[in-house]
Amino acid sequence: MYIKIHPKIKAAIEANKPVVALESTIISHGMPYPENVEMAMMVEHTITAQHAIPATIAIIDGVIKVGLTENEINELAQANHVLKVSKRDIAYAVSQKRTGATTVSATMLIAEMVGISVFATGGIGGVHRGAEHTFDISRDLEELSLVNVCVVCAGVKSILDLGLTLEYLETKGVEVIGYQTEKLPAFYTDKSIFNVDYSINSPLEIAHLMKAKWSLGLKGGIVVANPIPKAFSQDEEAINHAIKEALIEAEKNHIKGKDITPFLLSKVKQITDGQSLIANIELIKNNAILAAHIAIKYCEID
Ligand code: PSU
Ligand code: MN
């Protein structure tokens, strides 16, 4: 048995109750301890309070777990040598009995394997700045083009190239839906200069879009870009300055590949004196609420 689904989640999926998948790289690599545990538990409680069922996904000692216990979340948040698991790391982690935290791409794949259609996260990976030289394009974008899961995020972080990320998603046939906004949110800020494909105002309409897409046999995910609440949206100039500094530091330290996103997140936190982390936690909470509402509507019309 490679996959173990928590009995509560298994029963919910079988009874067509609303389940929201959650990734775990955000816990192990995206935030420091103890904020990471607090965030993970808060997100689960938020989804439960909206009357949906949270399913945090990770690989624990080689077993793909759908629905972590509080203990497992705690361990993942503190353990050393947790692998950052994207698609290409899944089989290695399982066969070597390793513990790994799943990124958006791996979490989407596992969610689809077990029949979960809605997934909440902070930010998706994308096309990195300078990708024309480094080829650094997140696996997340590829999986978004292949896997039938609706991903609720706060748009695209400006540590990435927003314009190239949108172009890539267009090539791959992934719609980018702005939730109650015409502008692509940029994670720490509630908007950017880029437009989304379509703006949709209600969870029910998003649920209808999911149903239409997949009923027609159009394979692939949907990006729902949900702006960070205005009260927590960061000053654009300050955050761009922090990101610029972080990118310079990354280059100086020759940070590459899968280490770059965690490095930049932690540097931006340092430079903004922890403000970026507060924003990060608030936007995830906001996404968890929207994802729960979408999951509920999708179950109703399914
Ligand atoms: N953005 C965040 N926090 C994160 C990540 C992205 O604000 O923790 C993680 C997600 O798991 C995402 C992954 O799938 O980083 C993308 O990594 P990469 O850029 O190496 O593809
Ligand atoms: Mn990469």
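Every heavy atom of this structure was used, including side-chain atoms; hydrogens, water molecules and symmetry mates were not. Counting starts at 1 for both ligands and their atoms, in listed order.
Residues P185 and N226 are not in side-chain contact: their nearest non-hydrogen atoms beyond the backbone lie 4.5 Å or more apart. Counting heavy atoms from C-beta outward, V85 and T25 have side chains that stay 4.5 Å or more apart. Contact check for Y92 versus L83: side-chain heavy atoms found under the 4.5 Å cut-off. P18 has its side chain out of reach of Q50: every pair of non-hydrogen atoms, C-beta onward, lies at least 4.5 Å apart.
With respect to atom 17 (O) of ligand 1, the closest heavy atom belonging to the protein is K84 NZ, 3.1 Å. Nearest to atom 19 (O) of ligand 1 among the protein's heavy atoms is T261 OG1, 2.7 Å. Nearest protein heavy-atom contact of atom 9 (C) of ligand 1 is T25 CG2, 4.0 Å. Looking from atom 1 (N) of ligand 1 to the surrounding protein, the closest heavy atom is K157 NZ, 2.8 Å.
Annotation for ligand 1: atoms under 4.0 Å from non-hydrogen atoms of E23 are 10 (C), 11 (O). Residue contact check: S138 has heavy atoms under 4.0 Å from atoms 18 (P), 21 (O) of ligand 1. Which parts of ligand 1 touch F187 is read off a 4.0 Å heavy-atom cut-off, strictly below it: atoms 7 (O). Heavy-atom proximity to H128, at under 4.0 Å, picks out these atoms of ligand 1: 19 (O). The distance from ligand 1 to the heavy atoms of T103 drops below 4.0 Å at these ligand atoms: 11 (O), 14 (O). Of all atoms in ligand 1, listed by their number and element, those nearer than 4.0 Å to a heavy atom of G30 are 8 (O). Taking every heavy atom of D140 and a limit of under 4.0 angstrom, the matching atoms of ligand 1 come to 12 (C), 14 (O), 16 (C). Counting the atoms of ligand 1 from 1 in the order shown, those under 4.0 Å from a heavy atom of G123 are 1 (N), 6 (C).
Residue L265 touches ligand 1 through its side chain alone, judged by heavy-atom distances below 4.0 Å.
Side chains of T121 and E23: a donor-acceptor N/O pair is present below 3.5 angstrom, by distance only.
The distance criterion of under 3.5 Å between nitrogen or oxygen atoms is not met by T102 with respect to ligand 1.
If you take OG1 on T103 and CD on E143, they are separated by 8.5 Å, rounding to the nearest 0.5 Å. How far CG of N280 is from OG1 of T272: 10.0 Å, rounded to the nearest 0.5 Å. To the nearest 0.5 angstrom, L144 atom CG is 6.5 Å from L169 atom CG.
Sorting the N, O or S atoms of D136 by how far they are from the Mn ion (ligand 2) puts OD1 first.
For the pair I59 and T102, the tightest heavy-atom approach, listed with the atom from each and the gap, is CG1-CG2, 4.5 Å. The heavy-atom pair separating L184 from G155 by the smallest distance is CD1-CA, 4.4 Å.
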